[in-house]
Amino acid sequence: MDLPSYTPADAPVPAGTVVVERASTPQDVGPKLNRTAADVVRFLMQQGEMVTATQSLSDDMIELFAAEIGAEIRLVDPGEEQEVELQRLLEMDEDVTDAIYEAWPHRPPVITVMGHVDHGKTKLLDQIRNANVVAGEAGGITQHIGAYQVVRDGRAITFVDTPGHEAFTAMRARGADATDIVVLVVAADDGVMPQTVEAINHARAAEVPIVVAMNKIDRENADPNRVRQQLADNDLVPEDWGGETIVVECSALQNIGLDDLLENLLVVAELEDLRATDEGRASGVVLESHLDIGRGPVATVLVQRGTLRVGEPVVAGAAWGRVRALITDTGEQVREAGPSVPVQVLGLSEPAVAGNRFVVAPDDKVAAKVASTREHWKRVANLGREAHAMAGGAKLEDIFTQIQAGETATLNLIVKADVTGSLEAVTESLRKLERDDVKLSFVHRGVGGITENDIQLAAASNATILGFNVRPDRKARELADTEHVEIRTYEIIYKLLEDIENAMLGLLAPEFEEVVTGEAEVREVFRVPRIGAVAGCMVTSGVITRNSKVRFLRDGTIIWKGAVASLRRFKDDVREVAAGFECGVGLSDFQDLKSGDIIETFEEREIPRI
């Protein structure tokens, strides 16, 4: 069949450089170059290439057609064009003159609270927002970042709570990046500690003003002047000593000085002249994210500019989706959130990485393309790391043997945590433990319970699995035993770091192994007067025994630990119930029971190291 000759003069050549995605079809390429798909197909058939209008073209085919019509093109990876466009929109948003900024309305200040562990940070926030979140936190350390908004004299103030232990350096630094003012909590009886100095350095790096809350002023051994001297030694000279640092004496326990603290924060905020537009495309930072049963991925975000609305397409790193719901720190569902407002966002495709920037995309297509491109490059990077890890590496128990043999040892790790903030903090802290003779390779990192896939990957790559606030399910435990995969679970981060460091030094002491003795699935929840919630369960493995230690798991994540307070078969109190039988379980002080939850009983056995 004779084809009509191709005539490039049919339409004008597009001006400038045209961006074309690799693997585009003639239907995609033609209109971009002022031609039809038929024009592209016809030309390529004349060159001996039999293609259809919906077939992906090679780079050479696209370049050949462009050269034929005299068009200048730039080939990009799929999604790269949308990424560039999204970044251009963000840059346009950030190109603000002083005159434009001064015309914007004032916004609430974002306050980050920092300080040494146990200096009363969380208690201070509790008093401010009248909510108790101290109970149930392992080691008294706040494990996750939270954000809360309070109103003082008709003006809103947003607080970002960052964990207090030095191991959460990465999370604390992220908190400082999203803040306007840092409240540095220093105990009047303890003074400036190494973590206090860390917090000062982070605040300075973020170039934000510091207000010192001298807590525990009610203690008998409180020494305010000594603390002021220590602050001055760190270039934070108090105002009453002739410096510029506001120091507020307070007691979170006695509710002393908190009004004074809030007033000073509002004064500093006024001097900072904090403004933002509530119009246009919303953008901000992801503070935290996790997977929630029933709700899917949940991200806590801080809106920094524009107004985020339900129904808008949002992209944050490799996560994207339409905003299905916005929930405030008080649990209220809202339709929109403006500058300096922290909200939980529902509707993303996966948990967003804490610290990532989020932005409202022009449409779903752009959001999906950008997220897909980012996911692709993240996967490419991970494959490279996994290939390197699988090429060699040792388990935790073998690491010291390699070091003694004079070899450079690589410890392969799979890290799972309950939320992205914890995962990031654990990873960054572990990286600091690397030495010349011991390298760490992260085969995989993820959020959620330890699964069979994790075990299989660990077996293939000779890796140790570290779980932070998460547990393996029964099938994963059985597979780990079969594949001889080592799983170590922790609830306090410095215990995890201590174990890894000791392994590197060959100092692992005899340990207590937690042996799971029974597992039961909650089938129904009963409310009993004067007793509370009782779980109607089916024992799925082992034996459930009264008074035994218990972990309560929801989707593989530990949400409570305690003891079995009561155990019944029908109307009778019993000492134990074996697999295959139903029973009623009452827990010592836990009422948040849901169908599908797992009750796991365990005992500790000492395992001496040989």
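This one's a predicted model, so the numbers in the text were calculated from it and none came from an experiment.
- Checked options L423, I465, D418, D555; the residue passing with V470 is D418 (criterion: side-chain contact (heavy atoms from CB on, under 4.5 Å)).
- Taking CG of L433 as the reference point, atom CG of L497 lies at 5.5 Å (rounded to 0.5 Å).
- Within a 6.0 Å sphere centred on CZ of R335, heavy atoms belonging to other residues, nucleotides or ligands number 12 at most.
- A 4.5 Å side-chain heavy-atom check between F358 and V301 finds at least one atom pair inside the cut-off.
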Test side-chain contact (heavy atoms from CB on, under 4.5 Å) applied to F468 and I493, step by step: CA-CA 8 Å; F468 184 68; I493 195 169; 4.0 Å; yes

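- To the nearest 0.5 Å, atoms CG (L261) and CE (M214) are separated by 12.5 Å.
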Should D190 and K216 be marked as a salt bridge (charged side-chain N to carboxylate O under 4.0 Å, His left out) after you check the CA-CA gap, both sets of side-chain angles, and the distance that decides it? CA-CA 9 Å; D190 207 9; K216 304 186 181 182; over 6 Å; no

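- Taking 4.0 Å as the cut-off between side-chain N and carboxylate O, E600 and R551 count as a salt-bridged pair.
- Inter-residue side-chain proximity for I544 and L567 is flagged as met; some heavy-atom pair is nearer than 4.5 Å.
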Should T464 and N412 be marked as a side-chain contact (heavy atoms from CB on, under 4.5 Å) after you check the CA-CA gap, both sets of side-chain angles, and the distance that decides it? CA-CA 6 Å; T464 297; N412 290 340; over 6 Å; no

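- With hydrogens and angles left out, the side-chain atoms of S340 and T158 include no donor and acceptor closer than 3.5 Å.
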Candidate pair E428 and K432, rule salt bridge (charged side-chain N to carboxylate O under 4.0 Å, His left out), full reasoning: CA-CA 7 Å; E428 291 304 312; K432 291 179 182 176; over 6 Å; no

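- When atom types are taken as modelled, the side chain of D499 and the backbone of L496 share no donor-acceptor pair closer than 3.5 angstrom.
- Between the side chains of Y490 and N469, no donor-acceptor pair is found at a separation under 3.5 Å.
- If you check the side chains of E524 and S595, you find no donor sitting under 3.5 Å from an acceptor.
- Note that CD1 of I414 and CD1 of I455 are 7.5 Å apart. Values are rounded to the nearest 0.5 Å.
- Remark: the backbone N or O of E478 is paired with a side-chain donor or acceptor of T482 at under 3.5 angstrom.
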Apply side-chain contact (heavy atoms from CB on, under 4.5 Å) to residues M114 and V185 and explain how you reach the verdict. CA-CA 6 Å; M114 296 183 179; V185 180; over 6 Å; no

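- For N215 (side chain) and A252 (main-chain N/O), a donor-acceptor pair under 3.5 Å exists by modelled atom type.
- One N or O on the side chain of K416 and one on the backbone of G449 form a donor-acceptor pair closer than 3.5 Å.
- Taking every heavy atom of both residues into account, S349 and A318 meet most closely at OG-O, 4.2 Å.
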Evaluation steps, side chain to side chain donor-acceptor pair (under 3.5 Å), between S566 and R546: CA-CA 6 Å; S566 64; R546 190 171 66 243; over 6 Å; no

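- Within the 4.5 Å cutoff, the side chain of T427 has heavy atoms near those of the F442 side chain.
- Note that NE2 of H444 and CG of D454 are 5.0 Å apart. Values are rounded to the nearest 0.5 Å.
- G467 and I450 get closest at one heavy-atom pair: CA-CD1, 4.1 Å.
- In this structure the side chain of L124 reaches within 4.5 angstrom of the side chain of L258, judged on heavy atoms.
- Between D573 and R568 there is a salt bridge, since a side-chain N of the basic residue sits under 4.0 Å from a carboxylate O of the acidic one.
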Pair T545, R575 - check side chain to side chain donor-acceptor pair (under 3.5 Å), show working. CA-CA 6 Å; T545 309; R575 197 182 72 81; 5.4 Å; no

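- Here the CZ atom belonging to R554 is positioned 4.5 Å from the NZ atom belonging to K594, to the nearest 0.5 angstrom.
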With side-chain contact (heavy atoms from CB on, under 4.5 Å) as the criterion, how do L308 and L326 come out once you've worked through the C-alpha distance, each side chain's angles and the decisive distance to 0.1 Å? CA-CA 9 Å; L308 181 62; L326 295 173; 3.8 Å; yes

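- Of the options T601, L553, V543, T540, a side-chain contact (heavy atoms from CB on, under 4.5 Å) to E519 is made by T540 and by none of the others.
- For the pair T179 (side chain) and T112 (backbone), a donor-acceptor distance under 3.5 Å is present.
- In terms of modelled atom types and a separation under 3.5 Å, the side chain of S251 and the main chain of N255 share no donor-acceptor contact.
- Salt-bridge formation is detected for the pair E498/K495: a Lys NZ or Arg NE/NH1/NH2 atom is positioned less than 4.0 Å from an Asp or Glu carboxylate oxygen.
- Looking at every heavy atom in both residues, A147 comes nearest to P342 through CB-CB, 3.4 Å.
- Interatomic distance, CG of L479 versus CZ of R474, reported as 13.0 Å (0.5 Å rounding).
- Put simply, the side chain of T420 never gets that close to the backbone of E288: no donor and acceptor are under 3.5 Å apart.
- Closest heavy-atom contact between I327 and Q333: CG1-CG, 4.0 Å.
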